[in-house]
Amino acid sequence: MREDGPEPSAATEDIVVANEFAEVWVRRVETRNGARLLIESPRSGQWITLCPLELEALTWQTPQTFSAMISNPMSPLIAGES
Amino acid sequence: MTVLDDVRRGMIPAHIYNDEDIFRLERDRVFGRSWQFVAHESEIPSPGDYVVRRVLDDSFIVVRDEQGDVRVLFNMCLHRGMQVCRAEIGNASHFRCPYHGWSYRNDGRLVGLPFYRDAYGGESGFRRAGQTLLPAPSLDIYNGLIFVSLDADAPPLRDYLGDFAFYLDYYTRQSDAGIELRGPQRWRIKANWKIGAENFAGDMYHTPHTHTSVVEIGLFREPKAEKRKDGSTYWAGNGGGTTYKLPPGTFDERLRYVGYPDEMIARMKETWSAAQQKVIGENGFMISAASLFPNLSFVHNWPKVADSDDVLPFMSLRLWQPVSADETEVLSWFAVDKQAPEQFKLLSYKAYLMCFGSSGMFEQDDVENWVSMTSTAAGQMARRLRLNSRMGLLADDTTVTEALGSDEFAGPGTAYVGYAEHNQRALLHRWADYLEQPIAAADPVDIGARP
């Protein structure tokens, strides 16, 4: 979750996913040597890029993982060393 | 060792170009200690970008971590020793070993052992905290060139480069933005690694003969390859190289003559020191090939790229990566200033491909010689032959021509005009110094055990 630094340049059009509680823009971004998925919150300006293995790790989760993340708004679930 | 004494007086026992015993010593004492180029920062610009490179038999992941720092990590899983990254290039926040699924952050930290509690009993069985893929013992960067040394006590890279850094800037810092690399092309040749390093360090003498055909087909503006004898060679710090003598003119005119556009020349003037500009503008020498001890070479030349007399310069970095006594993996990169106009980059790349890289004409000419030398060096007769590498020296070790004065050559080190083997001797002299010094065994690292 980052606010600092320039955003990676977009390789595809944004996909907008929104409801009454949140809105995020999602797009694939290319680096020189690979690709990541950029997830951005236009309201907060916070964004994160996830590599394929991180994305696959999401598929192993249950709603409880996300409940825990959501119950701690605007902060990382696990604070600590960078 | 008499072999080293012979080398130091410029008489080269021919078998050193294909000898298993010598190669074992080189592996430990030259490549176990010297600074080794592994990648340029422009090859890993974004967090997670990585390339996999070798230092002889050791595979390393060269990666930019999520904080933006460059890491060079020994590519061996801490569990069973499997290679963690097998693709040569990619982007990843985490690396996951294919064997048992141990996972690492891209800064090297071990984060995951499947069934950690069940199988190891957690931290009390296996101390995970603080474990990382082994970092290269030493890591240092100059002008974006990432070097590692297997020696934890290696001197700082800048000290190792010494005055060669002055010349390295011509290839790697034509503006504040520095260079970007394309490639590498990677291929294997049945030749000993030293031959290429020596050739690029100082062999202007082979150009008129080996590369006659390149001139005959009109790839260069200069009508005769023997023009090389007007150039100079220099040796400074841990490297040396060759230059061409340019026609009269100012700094700007001479850079225009080799094909640089005015906007690039303006940036060179802002970036290079007065002495660096003087070598070109006043002394009239333009850098061409060079080698940094032991096995990294550079080349800068300016062929015609279209059906006109216009020439355009290109640069290449190349690594003579030893595989065995008689085989070398060549890694050849195209290098160009990041701020160069796009059209320049395109044509410069074309110029590079015509001359160097796996299909380049110079490369084909050179390697034919080097393969033949290597195979001939394997036999019994080669052990009876000491090759004369004393060109430029008289019998009493005085030089055939005098070294250039500072008014004739503003760069550091020692420079001579014309054909000589001063640089090849300087390179092999260092080689002998390294081979002479035994290397201490490094302390082993225990993984996950209690101290």
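These numbers come from a predicted model, not from an experiment. A, B, ... follow the sequence lines: proteins, then strands. Residue 1 opens every chain.
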Report which part of B:D65 has an atom under 4.5 Å of a heavy atom belonging to chain A: side chain, backbone, both, or neither.
neither

Should we count CD of B:E88 as having more than 12 external heavy atoms under 6.0 Å?
no

Most heavy-atom pairs under 4.5 angstrom with chain A, which of B:G48, B:G68, B:G90, B:A92?
B:G90

Look at atom CZ of B:R117 and say whether more than 12 heavy atoms of other residues, nucleotides or ligands are closer to it than 6.0 Å.
no

Indicate yes or no for a side-chain donor-acceptor contact from A:N33 to the backbone of B:I89 under 3.5 Å, with no hydrogens or angles considered.
no

Given that the side chain runs from C-beta out, which part of A:A57 has a heavy atom under 4.5 Å from chain B: side chain, backbone, both or neither?
neither

For residues 77-86 of chain B, tabulate all N or O donor-acceptor pairs below 3.5 Å that involve a side-chain atom, not counting sequence neighbours.
| residue | atom | partner | partner atom | Å |
| --- | --- | --- | --- | --- |
| B:H79 | ND1 | B:H100 | ND1 | 3.2 |
| B:Q83 | NE2 | B:S59 | OG | 3.1 |

Do B:S93 and A:R36 have side chains that approach each other closer than 4.5 Å (heavy atoms only, starting at C-beta)?
yes

Indicate yes or no: at least one non-hydrogen side-chain atom of B:N91 is less than 4.5 angstrom from one of A:E30.
no

Does any heavy atom of chain A fall under 4.5 Å from the side chain of B:S103, the backbone, both, or neither of them?
neither

Would you say A:W25 has more than 12 foreign heavy atoms packed within less than 6.0 Å of its CH2?
no

Exceeds 12 heavy-atom contacts within 6.0 angstrom, atom CG of A:L58
yes

Could you tell me whether A:E56 and B:R96 have a side-chain N and a carboxylate O separated by less than 4.0 Å?
yes

